[in-house]
Amino acid sequence: MTDLPARRLLLVHAHPDDESINNGATMAKYAAEGAHVTLVTCTQGEEGEVIPAGLAHLAPDRDDRLGPHRVGELAAAMKELGVTDHRFLGGPGRFRDSGMMGVAQNQRPGSFWSTPVDDAASPLVEIIRSVRPQVLVTYDPDGGYGHPDHIQAHRVAMRAADLAADPGHRAELGAPHTIAKIYWNRVPRTVAESGFAALRAATGLTFPGIADIRDVPGVVDDELITAEIDGTEYADRKAAAMRAHVTQIVVQDEFFALSNDLGQPIFVREYYQLVRGASGAPAGERERDLFAGVVA
Ligand SMILES: [Zn+2]
């Protein structure tokens, strides 16, 4: 892997659009700085709701073509972020979107949620051992907000990180590799609160309502945040990537809405909690670089 850039970042997400909403600025920044950014998306998001009326026929209860359509949206988003290495776990369509918690699709054969964690981890082990990232970004154990595919993405990412490092695990998947630092996506509560305050004060927006702070994945007390990436320079790239997810997201100014049409702030600073590896920041301070302290 001597031909890979010195800094390598892996992100594991559940559906197309999660990467741009959560990490768009971080991905654009590291890609622009020459790091190798690998996005692994676990499902095609087949069970998503479709916003534009003209594309409503793609929905799972009609043509069921939303998954392949969202592959194209993700590719367009990655172009906006400058990320060239984006893959679907096990290949496009290997694991199907499981829908929201409690729906029948959770247990549908081939759904991501119904797949044993180790089965879904295998293709990720192979990617980890091939790309050899120093940094992994994924969700917390609740998936940020309880969606089954997000919970499963967390489990699969954490399990694959362990298995990839284990010299006794399946040599045919590549030479063992230990990821130096693992982060979970977070939003500090005070940042979420001021984002919603700005949304309430904004004029000219056409969203019929405003989301609840509990709709934002990964909101935690500020003390838990260990890393903060200032993505101000890449705000336009993040917004453009979010806009590329045409069936899922409507962007207005510094705000956006999902299919529920409720406004939410776009966070241009992105926040993380280091859960494995040593912080590269002085004690008590947030890291400003996910690779801080990493020896290439
Ligand atoms: Zn998602």
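Side chains included, hydrogens not; waters and symmetry mates left out as well; all remaining heavy atoms used. When a ligand or atom number is given, it counts from 1 through the structure's own listing order. From a predicted model like this one, the values you see are computed outputs, not experimental measurements.
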I'd like to know if the side chain of [X] pairs up with that of [Y] as donor and acceptor (distance under 3.5 Å, no hydrogens or angles considered).
| X | Y | answer |
| --- | --- | --- |
| Asp222 | Thr190 | yes |
| Glu80 | Tyr234 | no |
| Asn23 | Tyr272 | yes |
| Glu270 | Thr26 | yes |

* Determine whether Val250 and Leu262 fall in the same hydrophobic cluster, where Ile, Leu, Val, Met, Phe, Trp and Tyr are linked whenever their side-chain heavy atoms lie under 4.5 Å apart. =>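 Cluster IDs for Val250 and Leu262 differ.
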* **Atoms named by residue and atom, protein N, O or S, within reach of the Zn ion (ligand 1) (under 2.8 Å)** => His15 ND1, Asp18 OD1, Asp18 OD2, His150 NE2
* Asked: Quick one: side-chain hydrogen bond (donor to acceptor under 3.5 Å, both in side chains) partners of His69, sequence neighbours excluded?
  -> Glu73
